[in-house]
Visitor: 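One structure, pasted below without further comment.
Values in this document were obtained by computation on a predicted structure and should not be read as measured data. Throughout, a chain's letter reflects where its sequence line sits, starting with A, and its residues are numbered from 1.
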Amino acid sequence: MSDRVELDKVYNPKTVEGEICALWQQHDAFRAAPDERPPERRYCIVIPPPNVTGALHLGHAFNNTLQDILVRWHRMRGFNTLWQPGTDHAGIATQAVVEKRIRETEGKTRHQIGREELVRRIWEWKDQYEARILSQLKLMGCSCDWSRTRFTLDEGCSRAVQETFFRWFKAGLIYRGKRLVNWDTALQTAVADDELYYDTIKGHFWHIRYPVMAANVASPLVGGARAAAPGTRPDATSGAGNAIPEEPTHVVIATTRPETMLGDVAVAVHPDPEGELSRRASALRAELASAASAKDRAAIDAKLEAIAERRTSHLPLLIKLRDMAAAGRTVMLPLVNRPIPLILDEWADPMLGSGCVKITPAHDPNDFAVGERHKLPKINVLAPEGTVAPIVEPDGTRNPNSARYEGLPFSTEARARVVADIEAAGLLEKIEDREIEIAHSDRSKTPIEPYLSDQWFVRMGDLGRGIEGAQRAGVPRREVTKFTPIFDEWERERTKGGAERTSGITLGDGSNVAGLAQAAIDAVTSGRVKILPERYTKSYLDWLGEKRDWCISRQLWWGHRIPVWRKRLRISNDEDAFEIVTHGLDHVILGETEGASAVVVDCTTGQPVDPRLRRIADYLAADGQRVMEIDLGGFNSGELRGDFEFFVCLRDAERGKHWYELGFMQDPDVLDTWFSSQLWPFSTLGWPDPMDSKRRGLDYYYPTSALVTSREIITLWVARMVISGLYNLGKEPFHHVYIHTKILDARGETMSKSKGNGVDPVDIIDVYGADALRYTMADMATETQDARMPVDYLCPHCGALTPQTSVVPKGKQPIDVKKATCRACKKPFATVWADDALKADLGVARDTSEKFEIGRNFCNKLWNAARFALTNLAGTPYERLDVRSLPTEDRWILARLSQTIAAFQGCLAQYRFSAALKVARDFFWDSLCDWYIELTKPRIQGSGPVGAVSDRDLSVARPSRSETAPTSGEAKQVLAFCLDQTLRMLHPIMPFITERLWRELNALVPVRGLPGVAQPTPSELLITAEFPPLEGWSKLNDPVSLAIFEDLQTATRGIRDLRSKSNVPPRERVTVTIKSAPERVAALRAQAHIVQHLAGVGTLAIDPAVTRPKNAASLHVGALHIYVHEISDDARELQRVRTELAETEKQIASKRSKLSNENFVARADPEVVQAERDRLAELETRLITLRESLAELA
RNA sequence: GGGCGACUAGCUCAGUUGGUUAGAGCGCGUGGAUCACACCCACGAGGUCAUAGGUUCGAGUCCUAUGUCGCCCACCA
């Protein structure tokens, strides 16, 4: 490297960033490998893997800047530091993006393209965007160990997924169940909840009469347990003896979706309507008593009145119906003529509608739950294409009456015909108008239908307790029953009785816990995982507390295929058929690994058969190969017959082909994206492969140190990582979860690509530089406040800015803005979201924001301060110096430095990035540049101490050289040290510029430090240099110098203020007299040359007792009274003094009254009281001076 | 419907157990081409801390209510 200092006048990030990037690469500076450092000296962060859906925006830039700050900081502090990078395959989102593109460009659906081809295309997309994302991260300076880059769908992650699925399957934590999915009838696919939007449309509430059947007619639909689920038994005493109305001929139900009645299987009534009303009333009265606002009271009163009204209008009938339901009575479902039972269930709300509710398990999540509780069949009436399906009654026969509806579009024509037929039958009681929120598919813009389908679930609740467990945890029934497992019966069998009984699950460390959710709850409540800011623990715990089972199957093609193979087999009394089953399976060769687990389901009941059948044995055959068979236990063909479905889960999906040969088909679905993301903290470290784990240091880096993410995925991702980490490895995956704020656009909306308000960080880097980007990001990282980021388009034609808000329309539905018009030159331009053709045609406007000027300006300031230092630091000596005898300004800046570093690290340790940055900025810009460098320029630039050459007219004697001897060498040594430490401190935030300047500093002043006080070890690269230590610099702390310097600053500012107000030309020297408290006079006099130099003072007198000079401008700041001679006139001053006198008297009065308040003196902290007294004394001194001035002037 | 957060200078935001005269950056005003930096320097003006009550010797800070905005979760026969 050259030893001459050649730095541009303005910092140019473009040249520096590329050069520094190459340098880090060349030194392999981001590489992490296990070594002998103990656990407390290791630091690991796994990146929240960005979706390969598209390029990164500023939200990602924010998230990753914060991580890199932590990573670089710890690396410099001597931690063995790993930042693990990678990307996420983001199942639904990515497939949707690619599908959409194919639809737009080729007009084809995925079904036309085919599974294999679609997946191939998505891999292409992934390759393209993964490359883009990684390059964006690198341009930002993220110091990830790129050699470890992973992808959630790569081979290692797939192994981790299979292993986890297998373990959970084997432990009974994964089951198959029915669930209502959001069905997009246009695209014929299930869509996720977050792909829905709601539209309010005008609809109707149809009240329909279902005829009551005679008492001797039973419904064929009634299942085993007539009397319903626990807790819903009718209260025998309630309502008895009341005047009961005559038995009704009809039950009235109300619905917004009359076409679903084709699938009704029951009508529910509350098991204790009177009790329920009473309970609600007393709850309301309690609320009323516990003091609410007038508005609330009115609302509660209204509710109470409604209940009272309901008691007379509906209650008698509901009680009657309750009794009829208890007696097993039946109603006739019109149109299809299906006798359906009246049942008792708390889902029926006596306050709503008629108080009775129709139950359609196949078309409503709540009804589904009711159906589960009462063992009702589910009659599907919806065909995948959105028409009425052929209706099959539970006994397997086609319903003869439904033919006239079959094939009709479900919610339009079928509805119309149902309503017309009901009306024709005279069963339509009334129609009400009603506004209804209807879910629409974001992708096809058509209304979605709930559609019953088979799904895989992970059991989150306490094992063997299921729904009841959740209820005991305080969650109301109607909130937890959405995903009722169909295997519940089997589960109860399995956990019933004696030695077979299992309780809870076993985690990776061998400990036992009630269930998966409970394990994750314990990790946080015990403090092993800390969520910061702490308030987010609430949403984490609340969500886990519900212990809702996790639906993990997705009807997609892009993702991890579910590692389950299935086959339907019929077993009859025929010995041969039975033999086929055993034979086929007996001869499956599994190879060396043990690794299959199976569930066998009885197709008629939908329930798994006796757990004995589930046992699988494998043994070594004579030829040494491992062979597996299903142990048929004590069964014989007489016991086992009918249709059965075998589900075999394989640990190693490669083995699937053996099962395929036996006619087993792999489940077509893929796993929820979060199933692979949840394994990220250890799958990236090599789990479950032992060799890979060793190579990547699983034992060394796991558990990781911190997770940095934003709040919307606390439940989806964070909680599940804790669960799988604990289950698979027995340790929580991280110690800290830092939840940062969000970057919003100028309107306060979340940035997202789909909204069109996202900003590519590379655009910002192009214009302002990566360090400027990072600086601004860190500056915005406050604890609670989401930060607004006004974004402008930079016109490619004229360079003017057009605010994004003027272009991107506000609305619920996302709109991609691909082109816009420049405000200034009126020419159109393309945005980053435009396609290539449009971009080429119109020119692309970059996104920018003036916010980043803050960062750019800081970079430039740092660059120039360093440039000044470097041009003057050649030949800086490295000699022993005694800090205590350095000039005040040197002692002051060193004290400030040590203060700053401690505060900076204190803030970072608490993830207070913005606060840390402010501390560093204030030190560098205010203390170091504006004061220290300005002050020491004469010393540094070789003209000797202040006052030695140029200040011929100073009347104050310079301090004696024996005391301070402010030599040039000392100043240079101090400046070199401060610059060195500042660069180290700022490096985590702005790595490129600091690394570049560090190289210059190294070349010019290879040895820096304060011998005997602070001696940093030399390093070629700043990225691996030692961070300024927290401890060991106590010698630099110097409260006395800090206090003296503060006085000097106050005096300097005061004089500048007075000069400015009186329009004194900058170069003109003024004569100043300062009155100060006697005990401070000596110290001030000794440093008077500083004030003289910085405030342009010729003669400076400092005295405890001075009289007001003629025509002086005066100012009282703190305990100082400053007079600048001959720059004002006495008349003007008189006016000013009078004003100030009045103000001072007011303040004194206020202080006196406070101090004469006995309560204050007695109760406030003594220090606070003393501070008030000091302040009063100061004011009183000021008052005396002011009065003297007044006397002199008057 | 439940939960969480925000409301402080024209704008974007700090303000850590309640305690001097509430801060910063940008913007604004005045002055400055001085040999590190005009992406700069010096100085200044700007605030009834959303509103109303309360607790306290003392409230931007704690409590209650109201309003506005945002986020998360649930739900709407």
Visitor: According to side-chain hydrogen bond (donor to acceptor under 3.5 Å, both in side chains), who are the partners of A:Lys538, at least two apart in sequence or on a separate chain?
Guide: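 A:Asp542.
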Visitor: Mind checking what makes side chain to side chain contact (heavy atoms under 4.5 Å, CB included) contact with A:Asp926, not counting sequence neighbours?
Guide: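 A:Asp926: side chain to side chain contact (heavy atoms under 4.5 Å, CB included) contacts with A:Arg921, A:Asp922, A:Asp930.
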Visitor: Once the angle between the rings of A:Trp863 and A:Tyr11 is folded into 0 to 90°, is it parallel (under 30°), tilted (30 to 60°) or perpendicular (over 60°)?
Guide: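 A:Trp863 and A:Tyr11: tilted rings.
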Visitor: Collect all protein-nucleotide pairs involving nucleotides 16-23 of chain B in which both atoms are nitrogen or oxygen and the distance is under 3.5 Å.
Guide:
unit_1: B:U16; atom_1: O2; unit_2: A:Arg912; atom_2: NH1; d: 3.4
unit_1: B:U16; atom_1: N3; unit_2: A:Arg912; atom_2: NH1; d: 2.8
unit_1: B:U16; atom_1: N3; unit_2: A:Arg912; atom_2: NH2; d: 2.8
unit_1: B:U16; atom_1: O4; unit_2: A:Arg912; atom_2: NH2; d: 3.2
unit_1: B:U20; atom_1: O3'; unit_2: A:Lys1151; atom_2: NZ; d: 3.4
unit_1: B:U21; atom_1: OP1; unit_2: A:Lys1151; atom_2: NZ; d: 2.8
unit_1: B:U21; atom_1: N3; unit_2: A:Arg1175; atom_2: NH2; d: 3.4
unit_1: B:U21; atom_1: O4; unit_2: A:Arg1175; atom_2: NH1; d: 2.8
unit_1: B:U21; atom_1: O4; unit_2: A:Arg1175; atom_2: NH2; d: 2.2

Visitor: Filter on side-chain hydrogen bond (donor to acceptor under 3.5 Å, both in side chains), then keep only pairs touching residues 1166-1178 of chain A, sequence neighbours left out; what's left?
Guide: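 side-chain hydrogen bond (donor to acceptor under 3.5 Å, both in side chains) check on residues 1166-1178 of chain A returns A:Gln1147-A:Arg1175, A:Lys1151-A:Glu1172, A:Gln1170-A:Asp1174, A:Arg1175-A:Glu1178.
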Visitor: In whole Å, what is the span from the CD atom of A:Gln785 to the C1' atom of B:G15?
Guide: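 From A:Gln785 CD to B:G15 C1': 13 Å.
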Visitor: List, with names and distances, any nitrogen or oxygen atoms from the protein found under 3.5 Å away from nitrogen or oxygen atoms belonging to nucleotides 29-35 of chain B.
Guide:
none

Visitor: Excluding sequence neighbours, so at least two apart, what forms side chain to side chain contact (heavy atoms under 4.5 Å, CB included) with A:Asp1165?
Guide: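 For A:Asp1165, the residues satisfying side chain to side chain contact (heavy atoms under 4.5 Å, CB included) (neighbours in sequence not counted) are A:Val1168.
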Visitor: In chain order, what residues pass the side chain to side chain contact (heavy atoms under 4.5 Å, CB included) check against A:Ala787, with sequence neighbours excluded?
Guide: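 Here the qualifying residues are A:Met780.
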Visitor: Within this structure, what is the CD1-to-P distance between A:Ile713 and B:C4, rounded to whole angstrom?
Guide: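 Answer to the nearest Å: 22 Å.
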Visitor: Is any N or O donor-acceptor pair between the side chain of A:Glu934 and the base of B:A36 shorter than 3.5 Å?
Guide: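 Answer is yes: a donor-acceptor pair is held.
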Visitor: Looking at residues at least two apart in the chain, or sitting in another chain, which of them share a side chain to side chain contact (heavy atoms under 4.5 Å, CB included) with A:Asp367?
Guide: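 Per chain and number, A:Asp367 pairs via side chain to side chain contact (heavy atoms under 4.5 Å, CB included) with A:Trp347, A:Ile359, A:Thr360, A:Asp364.
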Visitor: Extract all donor-acceptor atom pairs below 3.5 Å that involve side chains of residues 251-259 of chain A and protein atoms in other chains or at least two apart in sequence.
Guide:
unit_1: A:Thr255; atom_1: OG1; unit_2: A:Arg257; atom_2: N; d: 2.9
unit_1: A:Thr255; atom_1: OG1; unit_2: A:Arg257; atom_2: O; d: 3.4
unit_1: A:Arg257; atom_1: NE; unit_2: A:Glu259; atom_2: OE2; d: 3.3
unit_1: A:Arg257; atom_1: NH1; unit_2: A:Glu449; atom_2: OE1; d: 3.2
unit_1: A:Arg257; atom_1: NH2; unit_2: A:Glu259; atom_2: OE2; d: 3.0
unit_1: A:Arg257; atom_1: NH2; unit_2: A:Glu449; atom_2: OE1; d: 2.8
unit_1: A:Arg257; atom_1: NH2; unit_2: A:Glu449; atom_2: OE2; d: 3.3
unit_1: A:Glu259; atom_1: OE1; unit_2: A:Arg415; atom_2: NE; d: 2.8
unit_1: A:Glu259; atom_1: OE2; unit_2: A:Arg415; atom_2: NH2; d: 3.0

